[in-house]
There are 2 protein chains.
Amino acid sequence: MKNLTKRQEEILNLIKSHILDLGFPPTRADISRSLGFKSPNAAEQHLRAIEKKGFIKILSGASRGIVLNDSENDQIPVIGLVAAGGPILAEENIEKTIPRSNNLLSSDIDYYLRVKGDSMVDIGIFEEDLIGVSKSANTKVGSVVVARINNEVTVKTLIEMSQNKVVLRPENRKYDDIIVNPQVEELAIEGSCIALLRESI
Amino acid sequence: MKNLTKRQEEILNLIKSHILDLGFPPTRADISRSLGFKSPNAAEQHLRAIEKKGFIKILSGASRGIVLNDSENDQIPVIGLVAAGGPILAEENIEKTIPRSNNLLSSDIDYYLRVKGDSMVDIGIFEEDLIGVSKSANTKVGSVVVARINNEVTVKTLIEMSQNKVVLRPENRKYDDIIVNPQVEELAIEGSCIALLRESI
DNA sequence: CAATATACTGTATATAATTACAGTAATTAT
DNA sequence: ATAATTACTGTAATTATATACAGTATATTG
């Protein structure tokens with residue numbers, strides 16, 4: 001899917017907000033009015049270009065027949081087992097995607113991670129739960145983080161983080177703290193866990 | 001808001017599913033075609049009636065200008081503290097509402113209940129969590145239910161249910177089973193817990 | 001350097017769609 | 001019992017909308 005030009009993106013956003021506001025797409029005239037075009041054909045040609053790039057579909061003969069091809073942008077990926085090596089969000093790790101629901105949970109969630117194991121049960125994170133992960137939320141001591149240690153992805157509480165010592169705590173009395181020297185072992189904090197979904201009880 | 005007739009409801013559903021399918025409302029002709037009307041005016045008059053009853057708004061002059069007046073049906077109530085006495089879904093118990101997001105969690109959820117106390121921590125249900133409750137899902141032994149005992153609402157696991165003995169188990173070793181004789185005490189199973197949301201970790 | 005893409009104006013037209021008017025008939029409310 | 005509501009057919013006119021065709025101008029790509 002090719003990139004849109006600035007103007008084309010403007011028009012796509014206009015379409016989206018029109019739908020959000022009123023519940024149906026704009027006409028060529030609506031678009032022209034909004035953006036100051038003096039000819040409906042300006043809108044028409046932009047629509048054709050946007051369609052050609054795969055972002056919308058124009059239904060011929062139907063008024064307001066603009067169908068959004070929902071991009072992956074509106075979908076939040078659910079990550080199942082993370083294959084060793086590659087990045088978490090690699091195609092092969094995506095179990096499914098779920099539509100981004102504006103207000104239900106924080107809009108900061110970049111992906112959901114399906115929990116494996118029982119290392120976090122003491123704070124109510126169970127196997128098969130989906131954890132909402134934000135890549136941008138700042139990870140401070142005390143927060144639950146998604147960490148990658150030597151290519152293995154894990155969810156733990158961040159207890160200490162300094163130049164040569166990082167402590168990750170499983171929230172389960174059965175397990176011991178994980179102490180890592182990031183200068184010796186490969187360590188990356190992938191994000192913070194900010195929400196939780198359990199699809200069945 | 002008055003009730004719709006059977007036919008009017010049929011038309012409203014048609015509008016909704018048209019929007020869901022294509023992203024924009026149907027025309028009078030679309031409706032007529034779908035329901036076998038031979039005149040677009042049949043659809044027109046139904047629309048006017050549905051508008052009069054407050055379910056939609058018709059924007060004059062705009063093609064496909066049917067705006068759904070989102071009824072409470074599209075919002076799932078979040079129930080905070082349940083006042084003793086009244087029904088769970090009473091207005092005063094509704095903390096907020098969140099938009100029903102089709103696929104995120106089961107569409108069977110009738111309301112969310114905010115968990116108070118620690119009686120279910122052993123199965124990962126913590127204070128302040130939101131539990132998705134279905135009124136219709138069948139409550140069988142072993143399922144987590146919302147029960148009301150003598151006007152107090154509680155979430156527990158249903159262990160046994162017979163004519164004169166109902167056992168409800170808190171999932172926390174600290175607490176004992178609750179044994180109720182429904183013929184002596186007032187008991188109602190309000191619904192089953194089928195999902196869980198945690199808005200912050 | 002030619003071809004293609006971008007970004008429009010301007011005009012015109014076929015058709016899509018709303019919407020008014022004139023009826024019929026059965027059911028429901030007052 | 002009478003008015004209002006429901007549930008349509010049928011026709012027609014106005015307006016809304018898509019869309020084709022003919023241009024202009026600039027930027028980008030092969």
Side-chain angles (χ1 to χ4, degrees), chain A residues 1-69 71, chain B residues 1-69 71:
Chain A
M1 199 127 76
K2 270 192 200 165
N3 285 342
L4 294 179
T5 67
K6 207 175 153 190
R7 200 59 163 161
Q8 286 164 0
E9 208 169 320
E10 219 172 325
I11 286 163
L12 185 57
N13 285 335
L14 186 78
I15 297 168
K16 286 180 181 173
S17 76
H18 194 283
I19 292 173
L20 217 63
D21 281 3
L22 294 169
F24 47 85
T27 65
R28 277 63 164 168
D30 288 337
I31 295 171
S32 299
R33 210 171 307 121
S34 291
L35 296 181
F37 301 155
K38 290 182 181 157
S39 163
N41 195 41
E44 174 73 21
Q45 289 188 16
H46 277 303
L47 291 177
R48 296 282 165 206
I50 297 170
E51 183 183 38
K52 211 170 161 188
K53 289 182 176 176
F55 291 82
I56 59 170
K57 184 149 194 269
I58 300 172
L59 306 184
S60 93
S63 73
R64 303 178 190 274
I66 301 170
V67 181
L68 295 174
N69 292 346
S71 70
Chain B
M1 197 127 77
K2 273 192 200 165
N3 285 341
L4 295 180
T5 67
K6 209 177 154 191
R7 200 56 162 163
Q8 286 164 358
E9 207 170 320
E10 218 172 324
I11 285 163
L12 185 57
N13 285 336
L14 186 78
I15 296 168
K16 286 180 180 172
S17 77
H18 194 283
I19 292 173
L20 217 65
D21 280 3
L22 294 169
F24 47 84
T27 65
R28 278 64 164 166
D30 288 337
I31 295 171
S32 299
R33 211 172 307 120
S34 291
L35 295 181
F37 302 156
K38 291 185 180 152
S39 163
N41 195 41
E44 175 73 22
Q45 290 189 14
H46 278 302
L47 291 177
R48 297 283 166 205
I50 297 170
E51 184 184 38
K52 210 170 162 190
K53 290 183 178 176
F55 290 83
I56 58 170
K57 184 151 194 268
I58 300 172
L59 306 184
S60 90
S63 72
R64 304 179 190 274
I66 302 170
V67 180
L68 295 174
N69 291 348
S71 65

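Labels below follow one simple rule: chain letters A, B, ... track the order of the sequence lines, proteins then strands, and each chain is numbered from 1.
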Enquirer: By nearest atom, which of the nucleotides C/dC8, C/dA7, C/dA22 is closest to the B/Gln45 side chain?
Expert: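 Closest of the options to the side chain of B/Gln45: C/dA22.
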
Enquirer: For the pair made of CZ in A/Arg33 and P in D/dA18, what is the distance, rounded to whole Å?
Expert: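 Interatomic distance, CZ of A/Arg33 to P of D/dA18: 11 Å.
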
Enquirer: Taking the side chain of A/Arg7 as heavy atoms from C-beta outward, which of C/dA17, C/dA5, C/dC8 is closest to it?
Expert: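 Within the option list, the nearest is C/dC8.
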
Enquirer: If each of A/Ala49 and A/Ser39 is mapped to the nucleotide of DNA chain C with the nearest heavy atom, which maps nearer the 5' terminus, i.e. the 5' end?
Expert: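 Here A/Ala49 is the residue nearer the 5' end.
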
Enquirer: When you match B/His46 and B/Ala62 each to their closest nucleotide on DNA chain D, which lands nearer the 5' end?
Expert: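 Final value for this comparison: B/His46.
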
Enquirer: Whole Å only: how far is the CD1 atom of A/Ile50 from the P atom of C/dC8?
Expert: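 In whole Å, C/dC8 P and A/Ile50 CD1 are 11 Å from each other.
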
Enquirer: OP1 or OP2 of D/dT6 less than 4.0 angstrom from a side-chain nitrogen or oxygen of B/Lys53, does that happen here?
Expert: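 Answer is yes, contact under 4.0 Å.
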
Enquirer: Would you name the heavy atoms of B/Asn69 and B/Ile56 that are closest together and state the gap between them?
Expert: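 Result for this residue pair: ND2-O, 3.6 Å.
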
Enquirer: Is C/dT9 paired to anything, Watson-Crick or G-U wobble with both distances less than 3.5 Å, and if yes, which nucleotide?
Expert: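 Because both required distances fall under 3.5 Å, C/dT9 counts as paired with D/dA22.
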
Enquirer: With DNA chain D as reference, determine whether A/Pro26 or B/Pro40 sits nearer its 5' end, using the nearest nucleotide of each.
Expert: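 It is B/Pro40, whose closest nucleotide lies nearer the 5' terminus.
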
Enquirer: Hey, does A/Ala42 reach any base, or is it just sugar-phosphate, or nothing, if we go heavy atoms under 4.0 Å?
Expert: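 Contact class for A/Ala42: base.
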
Enquirer: Can you say whether a donor on the side chain of B/Asn41 sits under 3.5 Å from an acceptor on the base of D/dT9, or the other way round?
Expert: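 Flag set: donor-acceptor pair detected.
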
Enquirer: Does D/dT6 have OP1 or OP2 sitting under 4.0 Å from an N or O in the side chain of B/Arg48?
Expert: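 Looking at the OP1 and OP2 atoms of D/dT6, neither is under 4.0 Å from any side-chain N or O of B/Arg48.
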
Enquirer: For A/Pro26 versus A/Ile66, what's the shortest heavy-atom pair and its separation?
Expert: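 Answer, listing the atom of A/Pro26 first, then A/Ile66: O-CD1, 3.7 Å.
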
Enquirer: Checking the side chain of A/Thr27 only, and the main-chain atoms of A/Arg64 only, is there a donor and an acceptor separated by less than 3.5 Å?
Expert: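 No, A/Thr27 side chain to A/Arg64 backbone: no donor-acceptor pair under 3.5 Å.
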
Enquirer: For the pair made of NZ in B/Lys38 and P in D/dA7, what is the distance, rounded to whole Å?
Expert: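 Computing the B/Lys38:NZ to D/dA7:P distance gives 18 Å.
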
Enquirer: In whole Å, I'd like the distance from the CG atom of A/Leu12 to the P atom of C/dA7.
Expert: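 Result: 13 Å.
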
Enquirer: A/Leu59 CG to D/dT17 P: how many Å, rounded?
Expert: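 After rounding, the gap between these two atoms is 16 Å.
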
Enquirer: What is the distance, to the nearest angstrom, from the CZ atom on A/Arg28 to the C1' atom on D/dA18?
Expert: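 Taking CZ of A/Arg28 and C1' of D/dA18, I get 6 Å after rounding.
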
Enquirer: Can you tell me if the side-chain N/O atoms of B/Ser60 get under 4.0 Å from OP1 or OP2 in C/dT18?
Expert: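 Checking B/Ser60 against C/dT18: no side-chain N or O falls below 4.0 Å of OP1 or OP2.
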
Enquirer: If the cut-off is 4.0 Å, is B/Ser63 near the phosphate of D/dT17, judged by side-chain N/O to OP1 or OP2?
Expert: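 For B/Ser63, the contact criterion (side-chain N or O under 4.0 Å from OP1 or OP2 of D/dT17) is met.
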
Enquirer: Please determine whether a side-chain nitrogen of the Lys or Arg among B/Arg7 and B/Glu10 lies less than 4.0 Å from a carboxylate oxygen of the Asp or Glu.
Expert: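 Looking at B/Arg7 and B/Glu10, the cut-off is met.
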
Enquirer: Rounding to an integer number of Å, can you tell me how far A/Lys6 NZ sits from C/dC8 C1'?
Expert: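 These atoms are roughly 17 Å apart.
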
Enquirer: Can you tell whether the side chains of A/Glu44 and A/Arg48 come within less than 4.0 Å, N to carboxylate O?
Expert: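 A/Arg48 and A/Glu44: salt-bridged.
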
Enquirer: When the distance from CZ of B/Arg64 to C1' of C/dT15 is rounded to whole Å, what number comes out?
Expert: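 Going from B/Arg64 (CZ) to C/dT15 (C1'), I get 13 Å.
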
